[in-house]
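For reference, the structure discussed in these notes is given below.
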Amino acid sequence: MSIESQNPATGEVVDTFDETSAEDREEHLERATETFEEWRETPVEHRQQLLSTAADVLRDGAEEYAQLMTEEMGKPIGQARDEVEKCAWVCEYYAEHAAEFLADDFVAGEPDARTVVAYQPLGPILAIMPWNFPFWQVFRFAAPNLVAGNVGLLKHASNVPGCAKAIEDIFREAGFPEGAFTSLLIGSDEVEDVIGDDRIQGVTLTGSDGAGRAVAETAGSELKKSVLELGGSDPFVVLEDAPMEKTVETAVQARLINNGQSCIAAKRFIVVDDVYDEFLERFVEEMDAQTVGDPSDEETDIGPQAREDLMEVLHGQVEETLEKGGECRLGGEPMDRDGAFYPPTVLTDVPDEAPADDEELFGPVASVFRVPDEEAAIEKANATRFGLGASVWTDDLERGERVARRFESGAAFVNELVKSDPRLPFGGVKDSGYGRELARDGIREFVNAKTIWVQ
Ligand code: NDP
């Protein structure tokens with residue numbers, strides 16, 4: 001069987017790959033397990049060195065990798081280059097800090113005993129990753145886990161097989177041993193078997209809550225550790241003292257980054273009455289000013305949606321919201337051209353329980369809500385089953401922090417768009433998942449925090 005990757009801007013086939021056969025899958029799992037036995041014993045300094053080389057390989061091939069992402073999933077080329085650079089950053093970050101994060105913790109216990117917590121790797125970890133940041137999501141998993149002494153097996157999204165193979169090659173070129181990082185080109189129907197395999201010690205997934213539930217169920221029944229980074233419907237709260245120019249400019253960026261397909265994109269714009277009309281007018285104007293087009297063109301702000309079927313789901317959510325009483329202020333129809341192009345869209349008067357209120361809209365569609373005051377804004381921000389990120393905009397930083405602390409989310413930003421950063425833990429609460437990636441917390445997810453007591 002073969003897998004095709006398609007350019008969503010043109011519908012053309014980019015490349016064709018052979019699916020991983022059952023026989024090859026078995027071989028890869030066996031190799032990963034053997035490699036782990038040696039890899040776990042290598043000094044962390046050596047693993048750090050290889051990660052640092054991976055950063056060099058990424059930078060050397062940045063243009064090629066960026067073009068691959070743009071071709072396979074439609075990311076504007078400038079953003080694709082930024083993504084490669086961010087992957088190099090996370091490699092360098094763990095190359096610098098892994099030894100410190102993995103060092104034994106000495107804990108004061110009984111006076112006559114030496115009590116220590118050691119952080120030891122678990123083994124082969126399966127990573128199920130999405131197409132939206134096809135390099136970053138994988139490196140965010142791979143950098144901390146490989147340097148911690150685990151080995152990785154990747155089941156990437158079916159529409160980005162070229163990225164999956166390229167990432168495997170990057171680790172090979174950096175000098176990681178065969179079996180330290182392997183891409184399995186398998187369908188999601190094979191994932192259950194892989195999680196159930198005795199050699200797999202843990203599983204991490206970034207994607208929809210539906211996929212998360214399926215993976216968590218299997219991992220739970222197999223008693224295997226899981227980390228889930230799922231969707232979000234991040235609120236972007238605008239208070240009456242918000243610095244309006246910067247707020248509007250960032251609001252547009254926060255909604256449209258990656259063609260609107262980011263779990264931490266701002267999706268619900270919650271604006272207090274005093275500044276609602278001003279915000280809406282300027283926001284619609286700025287959204288309308290964005291350039292939609294060929295993602296390989298340097299001038300393009302918004303490329304196509306990653307797949308035709310995803311665009312149809314998005315449009316269905318918009319239509320249902322309008323049927324239920326929402327108003328469309330901009331966009332709202334697929335564009336009349338080849339490729340999966342959807343324009344910047346702004347919805348208002350969105351009723352409770354319309355899709356634009358209580359589902360994740362994974363595309364360039366913003367919903368703007370009017371609320372009377374700060375208290376109502378916080379209530380609306382938290383009135384969602386998701387809890388990934390949130391931001392608040394105000395001139396009063398103390399007030400901003402007070403509001404940020406009340407958001408039910410894994411991250412809360414004041415006067416900044418929600419973003420991931422290797423130095424800070426990343427993850428969600430509620431239906432946005434559990435566990436943390438990045439920083440010290442991320443490297444400690446798939447390790448055995450072993451208590452050692454020496455009397
Ligand atoms: P999915 O969640 O279906 O895909 C993400 C990954 O999970 C892919 O590798 C996919 O493989 C795999 N997968 C899907 N179903 C299962 C399953 N039952 N068991 C094991 N693995 C599975 O996302 P979609 O691409 O279908 O996008 C749908 C929606 O998900 C988006 O509109 C968005 O709302 C959300 N999403 C959120 C992301 C995030 O960053 N949190 C990223 C991507 C999507 P395969 O491709 O082979 O199906």
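Each ligand, and each atom within it, is numbered from 1 in the order the structure gives. Each residue takes its place number in the sequence, starting with 1.
F446 carries K225 over the face of its six-membered ring, with the cationic atom under 6.0 Å from the centre and within 45° of the normal.
Ring geometry for F279 against F283 counts as parallel: the plane angle stays under 30°, on a 0 to 90° scale with 60° as the upper cut. The aromatic rings of Y94 and F101 sit perpendicular, their planes meeting at an angle over 60°, well past the 30° parallel limit.
Pairs passing the salt bridge (charged side-chain N to carboxylate O under 4.0 Å, His left out) check and including a residue from residues 181-192, sequence neighbours excluded, read R25-E190.
Sorted by chain and number, the heavy-atom contacts of ligand 1 below 4.0 Å come from I128, M129, P130, W131, N132, Q137, K155, H156, A157, S158, S188, V191, L205, T206, G207, S208, A211, A214, V215, E229, L230, G231, C263, R307, L310, E360, F362.
Taking the centre of each ring, F176 and F181 stay at or above the 6.0 Å mark.
Side-chain atoms of N258 and K75 form a donor-acceptor pair, as typed in the model, at a separation below 3.5 Å.
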